[in-house]
Amino acid sequence: IKAKISKEAIVKSIEYVLSLDTADNGYMAGLNMGMQLAGQIQYMEQMGAKVDRKLVAEEFKKAIMKKKRFPVHLPR
């Protein structure tokens, strides 16, 4: 599916991401996971599935908060 993409929006989002505190590994890992989830959900929606994004976020939060440790591999 081709869509018009705003160059200004791309630049704004890249500037935002590059301004983040990269020392906060948890925040950066969450941002990465959120982008991956959003991409998968967007694909499912393009295929016709209805996805409740708020419910996905709530269930993810429940699942992750139950774990004592959450292994995340970050690039060095």
Side-chain angles (χ1 to χ4, degrees):
I1 297 174
K2 286 191 175 187
K4 285 189 175 187
I5 297 176
S6 163
K7 293 178 204 171
E8 291 80 11
I10 292 171
V11 170
K12 183 178 179 180
S13 61
I14 288 173
E15 288 172 341
Y16 171 74
V17 170
L18 293 178
S19 73
L20 296 174
D21 177 7
T22 57
D24 186 344
N25 289 337
Y27 187 83
M28 296 305 288
L31 183 63
N32 187 355
M33 285 184 244
M35 291 300 299
Q36 289 178 20
L37 275 171
Q40 300 230 348
I41 289 170
Q42 184 179 22
Y43 177 74
M44 289 185 269
E45 289 171 338
Q46 288 173 350
M47 300 303 291
K50 293 186 184 215
V51 180
D52 183 338
R53 291 170 181 246
K54 186 174 181 180
L55 181 60
V56 171
E58 288 171 6
E59 293 301 318
F60 182 85
K61 181 178 179 179
K62 281 187 214 173
I64 197 170
M65 297 310 271
K66 286 181 184 178
K67 293 190 160 280
K68 288 185 180 187
R69 296 180 71 200
F70 192 77
V72 175
H73 303 286
L74 298 172
R76 294 181 185 238

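It should be emphasised that the depicted structure is a prediction, and the values quoted were computed from it without experimental measurement. Note that the numbering runs from 1 along the sequence shown for the chain. Just the heavy atoms: all of them, side chains too, but no hydrogens, waters or symmetry mates, feed the values below.
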Only distances under 3.5 Å count here; give the side-chain donor-acceptor pairs of residues 36-45 to other protein atoms, sequence neighbours excluded, each with its distance to 0.1 Å.
from	atom 1	to	atom 2	distance (Å)
Q36	NE2	N32	OD1	3.0
E45	OE1	R53	NH2	2.8
E45	OE2	R53	NE	3.4

*asked:* Show me the pairs that pass side chain to side chain donor-acceptor pair (under 3.5 Å) and involve residues 11-21, at least two apart or across chains.
replied: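 Listed once each, the pairs are Y16-Y27.
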*About how many Å separate CE of M35 and CG of L31, when rounded to the nearest 0.5 Å?*
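One finds 7.0 Å between CG of L31 and CE of M35.
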*Report yes or no: do I14 and L20 belong to one cluster of Ile/Leu/Val/Met/Phe/Trp/Tyr joined by side chain heavy-atom distances under 4.5 Å?*
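No, I14 and L20 fall in different hydrophobic clusters.
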*Set of residues satisfying salt bridge (charged side-chain N to carboxylate O under 4.0 Å, His left out) with respect to E59, sequence neighbours excluded*: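 Counting only residues at least two positions away or on another chain, E59 forms a salt bridge (charged side-chain N to carboxylate O under 4.0 Å, His left out) with K62.
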*asked:* Checking I5 now: which residues fulfil side chain to side chain contact (heavy atoms under 4.5 Å, CB included) with it, not counting sequence neighbours?
replied: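 Side chain to side chain contact (heavy atoms under 4.5 Å, CB included) list for I5, sorted by chain: I10.
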